[in-house]
There are 2 protein chains.
Amino acid sequence: MTHNTAPPDELTFWSFVDYAVHKAERELPSVNAEAMRMVLTLNRATSMVVYDLESSIHRPRGWTWPGFRVLFALWLAGPMEAKTTAEISGMSRAALSALLNTLERDGLLSRERATHDRRALQLSLTEEGYGAILGVFRAHNRRESAWAQALEPEERRELVRLLNKLMAGSTDAKAKFRN
Amino acid sequence: MTHNTAPPDELTFWSFVDYAVHKAERELPSVNAEAMRMVLTLNRATSMVVYDLESSIHRPRGWTWPGFRVLFALWLAGPMEAKTTAEISGMSRAALSALLNTLERDGLLSRERATHDRRALQLSLTEEGYGAILGVFRAHNRRESAWAQALEPEERRELVRLLNKLMAGSTDAKAKFRN
DNA sequence: TCAGCTTCATCAAACATTTGATCATCTGGG
DNA sequence: CCCAGATGATCAAATGTTTGATGAAGCTGA
C-alpha cells in the first residue's frame with residue numbers, strides 16, 4: 001500500500017466500512033472482503049448498542065455494563081457458583097474476580113465460600129441487589145425494545161438465527177474461548 | 001421474582017439466552033422478550049469473535065484489538081487528524097488519547113501538531129507501523145474468513161444488511177453516540 | 001497414604017475505557 | 001480589537017479486561 005494515499009474528504013463513521021473494504025480489495029487482491037465487511041459491521045453495530053445502553057441506562061445509575069450482566073445472571077438464575085456466573089455471563093474467572101470487588105463493595109451481592117468445596121465461591125444478590133435489578137432491567141429492556149424496532153419481527157428472528165449459526169460454526173473452526 | 005429460585009442443573013454459556021428469555025417472560029409479563037433475545041445474542045456473537053481474534057492474532061504479537069483498529073484505519077486512509085481517527089474507529093477522543101500513548105511509545109505511529117490548527121493532532125504510521133500492519137492484517141483477515149465460513153454467502157450479505165438496518169434505525173431512536 | 005496433578009480463586013502489572021475537568025487555541029460578534 | 005463561547009486535546013480517577021503467576025483445596029493412582 002502506498003504511504004501517501006490521501007484520505008477522502010468525507011471519511012466518517014458511516015462511510016468507513018465501505019471505504020475500507022473497497023480500498024483493501026484494490027490494494028490486496030487476496031483479501032476476503034466479505035469476511036472483512038461482516039466482522040467490521042458486526043462490531044460497529046454491537047458497539048453502538050452497548051454504548052447506548054451503558055451510557056443511557058447503566059452509568060447514570062452508577063452501574064456498568066459488565067456489572068449489570070453479572071447481577072442480571074444472578075437475578076434470573078438465582079445463587080450460583082462464581083465459576084458458573086463467569087461462564088454464562090461470558091467473562092474470565094479473573095475478570096469476574098475483579099468485578100466482584102466493586103459489586104460487593106457497593107452492597108449488591110455477597111460472596112461466600114461454598115460448603116461442599118472450600119475452594120469455590122457462592123454468589124448471591126443482597127436485598128439491595130434484588131431491589132435494584134428489577135428497575136434497572138425494566139429500563140434496559142425498554143431501551144432494547146427501541147433498538148429492536150428498527151427491524152421487522154421476521155428480520156429480528158433471522159438476525160438471531162444468523163448470529164447463532166455464526167457462533168455454532170466457531171466451534172468447528174476451533175476458535176479460542178475464554179478461560 | 002422469587003429470591004430462592006434454584007438454577008437449572010445445566011446452565012452453560014450456550015443455554016443461558018434461552019433460559020434467560022423464558023424465565024424473564026414468566027416473571028415479567030411486560031418484558032419484550034424478542035428485543036432481549038436479540039441484544040443478548042448480538043453481544044455474545046460479537047464477544048466471541050472479538051475475543052478469538054484478539055487472543056489468537058493480536059495479543060500474541062503484542063498488539064491489542066483497539067490498537068489494531070487505529071493502525072488499520074491509518075493504514076487504509078493515510079495520515080489524518082486524530083479527531084477523524086477517533087470517529088471512524090469508533091472511540092471517544094479521550095480514549096484515543098490514552099491509546100496513542102501506547103502506540104507512539106511502541107514506535108508504530110507518530111503524532112504531530114497540525115499546521116493549520118495548532119490545537120489539532122496529525123497522526124501517521126511510522127515506517128515500523130507500515131511494516132507491521134500488513135502482516136497482522138493478513139493474519140487477521142484469514143481468521144475473519146474462518147468465521148465467515150460458518151455462513152453461506154447469501155447469509156453473510158443478509159447479516160450485514162440487517163446489522164446496517166439496525167444501526168440506521170438507531171439514529172431515528174435518538175440513541176446516544178460517543179463524543 | 002500421599003505425592004503429583006488438577007481445579008478454583010486471587011493477585012499483579014499493563015492496558016483501554018468512561019466521565020468530568022482543565023488548558024490551549026480558534027472564531028465570531030460587538 | 002477583543003472577549004465570550006466553541007472546539008481539540010489531555011488529564012485524573014475509577015472501572016473492567018488480559019495474561020501469567022501464586023496459593024489453597026480437592027482428587028487420583030501407585
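Chain identifiers are assigned alphabetically (A, B, ...) following the order of the sequence lines, protein sequences preceding nucleic acid strands; residue numbering begins at 1 within each chain. Being a predicted model, the structure only gives us computed values, none of them experimental.
For B:R113 and C:dA24, the shortest distance from a side-chain N or O to OP1 or OP2 is not below 4.0 Å. Note on A:R118: every side-chain N or O is 4.0 Å or more away from OP1 and OP2 of D:dA24. Proximity of A:R178 to the phosphate of D:dT18: a side-chain N or O atom is located under 4.0 Å from OP1 or OP2. An OP1 or OP2 oxygen of D:dT10 is reached within less than 4.0 angstrom by a side-chain nitrogen or oxygen of B:R93. In this model, the phosphate group of C:dC15 is approached by a side-chain N or O of B:R105 to a distance below 4.0 Å at OP1 or OP2. Not one side-chain nitrogen or oxygen of B:R119 sits closer than 4.0 Å to the OP1 or OP2 atom of C:dT27. Contact annotation: A:T102 side-chain N/O to D:dG16 OP1/OP2 distance is under 4.0 Å. For B:T64 and C:dC15, the shortest distance from a side-chain N or O to OP1 or OP2 is not below 4.0 Å.
Set against C:dT25, D:dA9, C:dT10, the side chain of B:A82 has D:dA9 as its closest nucleotide. For A:L99, counting side-chain heavy atoms from C-beta on, the closest listed nucleotide (C:dT10, D:dT19, D:dG16) is D:dG16.
In this structure, CD of B:Q122 is placed 14 Å from C1' of D:dG8, rounded to the nearest angstrom. Per the geometry, NE2 belonging to A:H58 stands 17 Å off C1' belonging to C:dT19, to the nearest Å. In this entry the distance linking CH2 of B:W63 with P of C:dC15 reads 15 Å, nearest Å. Atom CZ of A:R61 and atom P of C:dT18 are 19 Å apart (whole Å). Summarising the geometry, the separation between CE on A:M91 and P on D:dG16 is reported as 9 Å, rounded to the nearest angstrom. Separating the CG atom of A:L96 from the P atom of C:dC8 is a distance of 13 Å, rounded to the nearest angstrom. As rounded to whole Å, 17 Å separates atom C1' of C:dT18 from atom CD1 of A:I57. The CG-C1' distance, from B:L121 to D:dT7, rounds to 14 Å in whole Å.
The environment of A:K165 atom NZ is dense: over 12 non-hydrogen atoms of other residues, nucleotides or ligands sit within 6.0 angstrom.
In this structure, OG in B:S56 is found 9.5 Å from NE2 in B:H140, a value given to the nearest 0.5 Å.
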Q. Passes side-chain contact (heavy atoms from CB on, under 4.5 Å), B:T85 versus B:R69? Steps please.
A. CA-CA 9 Å; B:T85 310; B:R69 270 166 33 215; over 6 Å; no

Q: Carefully, step by step, assess A:F72 and A:V136 under the rule side-chain contact (heavy atoms from CB on, under 4.5 Å).
A: CA-CA 9 Å; A:F72 175 71; A:V136 175; over 6 Å; no

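Mapping B:R59 and A:E54 onto DNA chain C by nearest heavy atom places B:R59 closer to the 5' end of the strand. Comparing A:L103 and B:E81 by the nucleotide of DNA chain D whose heavy atom lies nearest to each, the residue mapping closer to the 5' end is B:E81. Residue-to-nucleotide proximity on DNA chain C shows that, of A:S55 and A:K83, the 5′-proximal contact is made by A:K83. Along DNA chain D, the nucleotide nearest to B:S97 and the one nearest to A:G67 differ in position, and the one closer to the 5' end is contacted by B:S97.
Between A:R59 and A:E54, at least one side-chain nitrogen of the basic residue sits less than 4.0 Å from a carboxylate oxygen of the acidic one, meeting the salt-bridge criterion.
A:A120 comes within 4.0 angstrom of sugar-phosphate atoms only, judged by non-hydrogen atoms across all strands, and of no base.
A side-chain donor from one of A:W147 and A:D52 sits under 3.5 Å from a side-chain acceptor of the other.
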